[in-house]
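Quick caveat: nothing in here was measured; it's all calculated off a predicted structure.
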Amino acid sequence: MSGEVLSLLMFAVACVVLLFGFPVAFSLGGTGLAFALLGHAMGVFDMPLLGSLPSRYFGVMTNELYVAIPLFVFMGVMLERARIAEKLLLTMGMLFGKHRAGLGISVVIVGMLLAASTGIVGATVVTMGLLSLPAMQKAGYSPRLSAGVICASGTLGQIIPPSIVLVLLGDILQGAYAEAQRSLGNWAPEPVSVIDLFVGAFIPGMLLVALYISWVVIQSFIDPKSAPALVEGKRPEGLFGEVLRALVPPALLIVAVLGSILTGIATPTESAAFGSVGATILAACYGRLDLAVLRHVTRQTVQISSMVFIILLGASIFSLVFRGLGGDHLVEQLLHNMPGGLFGAMLVVMTLMFVMGFFLDFIEIVFVVVPIVGPVLLKMDISPIWLGIMIAINLQTSFLTPPFGFALFYLRGVAPPSMKTWDIYRGIIPFVLIQIFALILLAAFPELATWLPSVLLK
């Protein structure tokens, strides 16, 4: 029992250390090693368990799936430097901006397209903040609605594939599902892949886009002054041609990358490599490719990828020590004995992740919480695809919830002083509620996530 108490204490200490701002990887790894020594001194942890770490690290380094992460990051950063978003926002704004709420709708649509092509929240929010926020202010949009729609649209990259979150969740859930099935006596379970999650996320992702657009339209009817039409200028001649020239190249790249994954022609890693080459060609066609751009893109790719992998290595120590102290058995007992059965267990886990999203980054939550609760929940006869999409939508809120919502920080950094921070915080509230509503819909109708994979991936 003392080991299980230590495991809970270790989880709490790790969260506190992270809140103090220490580097995530070293916080998780250091906390794990400290409690391993403490547990060994108390006789509740076997130090030889740490001997399995080299094989875990080697497994991470030889996992072909993880190669997709730096490739998708490279693709996203290259498209951002090619100013794909700038062309889309300018043309779509002129196309829809003459209608009430049209500019807000165009921001959501461009956010969706950027999510499917770049998937990098920071780059999307900053780019749309720099380009669309001045136009929305000039048109007389409410500061709260402007901030909310920009931040929410920028986070769509967390659920719309290709998403780094889904890549990480796919690998973790695959191991958790295999572990859960072995404990139930099934030694040859159906594998869970990232492709399953990509396909399963398509309908929920489009549902979120539709809900965002619906809210912008509803808000324009409730308060017409909050989302007026552009009051000056006419649509220039040849606008539709400009829209096509801005839309078709990234759309073709999206179709090629996602289509090759969903149809099984290529693995996610192979498609990511194709997308990286395609993004580089697009940048060259737009005249945005030179040595300085290539140096910037490469540096950003290395920084982001290194951050993800070093956190993964630190989280491996944390999860290993947590299991060695018996924490997984304690979590299993708690969730199994929860009133309401599966509903109660899912409610507790989803609430925990939502609350942690106020303080922690989505990567930290994925690597700390999912390996602990995943095997327990998957023993309760639920779809791993549904569970993965539920977690992904829940984690999307972590970018919008203060005090540490990164999308809020990104927008605050590029917003003019006239926009108050309080306006940004108030603006995201409806969109957080929309995400919670989407989560409830997905909980009530799991087919939203499981139907398409059952049709396409038979």
Problem set entry | Pairwise side-chain contact, Ser316 with Phe367, heavy-atom cut-off 4.5 Å (strictly under) | no
Exercise. Is there a side-chain contact between Leu400 and Gln435 (heavy atoms, below 4.5 Å)?
Worked result: yes
For this session: Using a 4.5 Å cut-off on heavy atoms from C-beta on, say whether the side chain of Met78 contacts that of Leu289.
Result: yes
Quiz: residues 378-392 side-chain donor-acceptor pairs under 3.5 angstrom, not counting sequence neighbours:
from, atom 1, to, atom 2, distance (Å)
Lys379, NZ, Glu332, OE1, 3.4
Lys379, NZ, Glu332, OE2, 3.2
Ser383, OG, Ile385, N, 3.2
Ser383, OG, Trp386, N, 3.3
Trp386, NE1, Leu442, O, 2.9

Exercise. Of the non-hydrogen atoms in Arg288 and Val293, which two are nearest, and what is the gap between them?
Worked result: O-CG2, 3.2 Å
For this session: Check the pair Thr155 / Gln396 against side chain to side chain donor-acceptor pair (under 3.5 Å), numbers first and verdict last.
Result: CA-CA 7 Å; Thr155 63; Gln396 190 178 343; 3.2 Å; yes
Seminar exercise, completed: Interatomic distance, CG@Leu79 vs CZ@Phe74, rounded to 0.5 Å, equals 10.0 Å
For this session: Would you name the heavy atoms of Leu49 and Gly324 that are closest together and state the gap between them?
Result: CD1-CA, 3.8 Å
Throw together a table of side-chain donor-acceptor distances under 3.5 angstrom for residues 271-285, partners on residues two or more places apart or in other chains.
from, atom 1, to, atom 2, distance (Å)
Ser271, OG, Ser260, OG, 2.7
Ser271, OG, Thr267, O, 3.2
Ser276, OG, Leu71, O, 2.8
Ser276, OG, Ala272, O, 3.0
Thr280, OG1, Ser276, O, 2.8

Problem set entry | Polar side-chain atom of Tyr57 near backbone of Leu313 as donor-acceptor pair, under 3.5 Å | yes
For this session: First locate atom CG of Asp196, then atom OG1 of Thr450, and finally report the distance between them rounded to the nearest 0.5 Å.
Result: 11.5 Å
Exercise. Is the shortest heavy-atom distance from the side chain of Asp290 to the side chain of Leu294 under 4.5 Å?
Worked result: no
Exercise. Applying the side-chain contact (heavy atoms from CB on, under 4.5 Å) test to Phe354, which of Leu395, Leu439, Ile436 qualifies?
Worked result: Ile436
Seminar exercise, completed: For Gly170 and Val194, the nearest pair of non-hydrogen atoms, with its separation, is CA-CG2, 4.0 Å
For this session: Answer yes or no: is there a donor N or O on one side and an acceptor on the other, between the side chain of Thr31 and the main chain of Leu28, under 3.5 Å?
Result: no
Exercise. Quick one: CG on Asp46 to CG on Leu325, what's the gap to the nearest 0.5 Å?
Worked result: 10.0 Å
For this session: Run the numbers on Leu50 and Leu53 for side chain to side chain contact (heavy atoms under 4.5 Å, CB included), then give the verdict.
Result: CA-CA 6 Å; Leu50 296 178; Leu53 282 175; 4.1 Å; yes
Seminar exercise, completed: Separation between CD1 (Ile109) and CG (Leu156), nearest 0.5 Å, reads 11.5 Å
Exercise. If you draw a 6.0 Å radius around CZ in Phe26, do more than 12 non-hydrogen atoms from other residues or ligands fall strictly inside?
Worked result: no
Exercise. Heavy atoms, side chains only, cut-off 4.5 Å: are Val331 and Phe322 in contact?
Worked result: yes
For this session: Test Met353 against Met356 for side chain to side chain contact (heavy atoms under 4.5 Å, CB included), laying out the working first.
Result: CA-CA 5 Å; Met353 287 187 174; Met356 291 180 71; 5.7 Å; no
Exercise. Hey, does the side chain of Ser153 reach the backbone of Gly111 with a donor-acceptor pair shorter than 3.5 angstrom?
Worked result: no
Problem set entry | Beyond-backbone contact of Val149 with Tyr212, side-chain heavy atoms, under 4.5 angstrom | no
Seminar exercise, completed: Smallest heavy-atom separation, Val257 atom then Met75 atom, equals CG2-CE, 4.2 Å
Exercise. Is a salt bridge present between Arg323 and Glu179, judged by a nitrogen-to-oxygen distance below 4.0 Å?
Worked result: yes
For this session: Begin with the C-alpha distance, continue with both residues' side-chain angles, and end with the deciding distance and a verdict on side chain to side chain contact (heavy atoms under 4.5 Å, CB included) for Met47 and Leu37.
Result: CA-CA 8 Å; Met47 292 299 287; Leu37 294 172; 3.9 Å; yes
Exercise. Is any side-chain heavy atom of Val370 closer than 4.5 Å to a side-chain heavy atom of Ile365?
Worked result: no
Problem set entry | Closest heavy-atom pair and its distance - Ser146, Leu133 | CB-CD1, 3.8 Å
Problem set entry | Atom CZ of Phe45 with >12 non-hydrogen neighbours under 6.0 angstrom | yes
Seminar exercise, completed: CG of Leu168 to CG of Asp171, rounded to nearest 0.5 Å, is 8.0 Å
For this session: Look only at the side chain of Ser27 and the backbone of Val17, and say whether a donor-acceptor pair between them is shorter than 3.5 Å.
Result: no
For this session: Work out which heavy atom in Phe318 is nearest to a heavy atom in Ala14; give both atom names and the distance.
Result: CE1-CB, 3.5 Å
Exercise. For the side chain of Thr397 and the backbone of Ile393, is there at least one donor-acceptor N/O pair under 3.5 Å apart?
Worked result: no
Seminar exercise, completed: Output for pair (Met346 CE, Met338 CE), nearest 0.5 Å, gives 12.5 Å
Problem set entry | Worked verdict on Cys151 versus Phe431 for side chain to side chain contact (heavy atoms under 4.5 Å, CB included) | CA-CA 9 Å; Cys151 289; Phe431 294 94; over 6 Å; no
Problem set entry | Side-chain touch Leu411/Ile150, heavy atoms, less than 4.5 angstrom | yes
